Amino acid sequence: MNLSSNITYIIKVINAGDYGVGKTSLAIRYTQNRFESSYLPTLGVDFYSKVVSVGEDSKIKVVVFDTVGQSKLVSLRKRYYTGAHGAIIVYDITRRESFEHIQKWIDEISEKCKDIPFIIVGNKTDLDEKREVIKKEAEDQWLEKGYTVLESSAKLGEGVDDIYKMIAKEVTRKMSDSI
Ligand code: G3D
Ligand code: MG
């Protein structure tokens, strides 16, 4: 039997970003394909997982660690960063402040996780009439630094699979480079 034909990776992905940007909603939409308009705020860290196929006969399990955004819980949050393979930094396109905090999130995670891929995600595109950050601005700022920039609506389910597909791709590419 050729064991290498069905390698199963388990990858740990962190969902980070300010309070209320939609981290929990994205994790639930991705793993359970549903959206509820009110969740209890995340108390510590929850995790969600989903098995996806990549290529012909290789499967990966994506484990999404959904962290709490409040700044006072930093020490709790940081413990869960250990061992992450990739991170998604979410901002709310209707709240510029959450966009301005992206670097802070990258710095906090980078302290614990060296050299992992980050994806920047502008969530809540269904609220376009309240938009405060256009996609071009996000791209102008982050693409040249080597980050992928995507937008999503956890509410409508738009762009959500693409986020995790992209991070899984970036992570597995890195893993196979290092074998
Ligand atoms: P968090 O985990 O980052 O703190 P949540 O964020 O997932 O708890 O979402 C915060 C609020 O934003 C929730 O509303 C949630 O329903 C809403 N939300 C999340 N994603 C979207 C989206 O794509 N579009 C819209 N319109 N709303 C979204 P409440 O009312 O519970 O505060
Ligand atoms: Mg939450």
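Starting from 1, each residue takes its place in the sequence as its number. Predicted model, so just to flag it, every value in this text is computed and none were measured. Atoms within a ligand are numbered from 1 in the order they appear, just like the ligands themselves. Just the heavy atoms: all of them, side chains too, but no hydrogens, waters or symmetry mates, feed the values below.
- Taking the charged nitrogens against the carboxylate oxygens, K124 and D92 do have a contact shorter than 4.0 Å, which makes a salt bridge.
- In D126, the part holding a heavy atom less than 4.0 Å from any atom of ligand 1 is the side chain.
- Which of G22, G20, S98 comes nearest to atom 4 (O) of ligand 1 through a heavy atom is settled by distance: it is G20.
- The closest side-chain donor-acceptor pair between Y81 and E108 falls under 3.5 angstrom.
- Considering backbone and side-chain atoms alike, S152 places every N or O at 3.5 Å or more from each N or O of ligand 1.
- At a cut-off of 2.8 Å, T24 coordinates the Mg ion (ligand 2) through an N, O or S atom.
- For CD of E97, the number of neighbouring non-hydrogen atoms (other residues, nucleotides, ligands) closer than 6.0 Å is 12 at most.
- A donor atom on one side chain and an acceptor atom on the other are found under 3.5 Å apart for T148 and E170.
- The distance criterion of under 3.5 Å between nitrogen or oxygen atoms is met by S25 with respect to ligand 1.
- When heavy-atom distances to ligand 1 are checked against a 4.0 Å cut-off, N123 comes that close only through its side chain, counted from C-beta outward.
- Aromatic ring orientation, F65 versus F47: parallel (interplanar angle below 30°, classes split at 30° and 60°).
- Residue contacts with ligand 1: V21 is placed with a nitrogen or oxygen under 3.5 Å of a nitrogen or oxygen of the ligand (distance criterion only).
- Residue L127 touches ligand 1 through its side chain alone, judged by heavy-atom distances below 4.0 Å.
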For this session: Please test S153 against D126 for side chain to side chain donor-acceptor pair (under 3.5 Å), starting from the C-alpha separation and ending with a verdict.
Result: CA-CA 6 Å; S153 166; D126 56 287; 2.9 Å; yes
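- In this structure, K50 forms no cation-pi arrangement with Y164, as its terminal cationic atom is not both closer than 6.0 Å to the ring centre and no more than 45° off the ring axis.
- When only interatomic distances are considered, the shortest N/O to N/O separation between K124 and ligand 1 falls below 3.5 Å.
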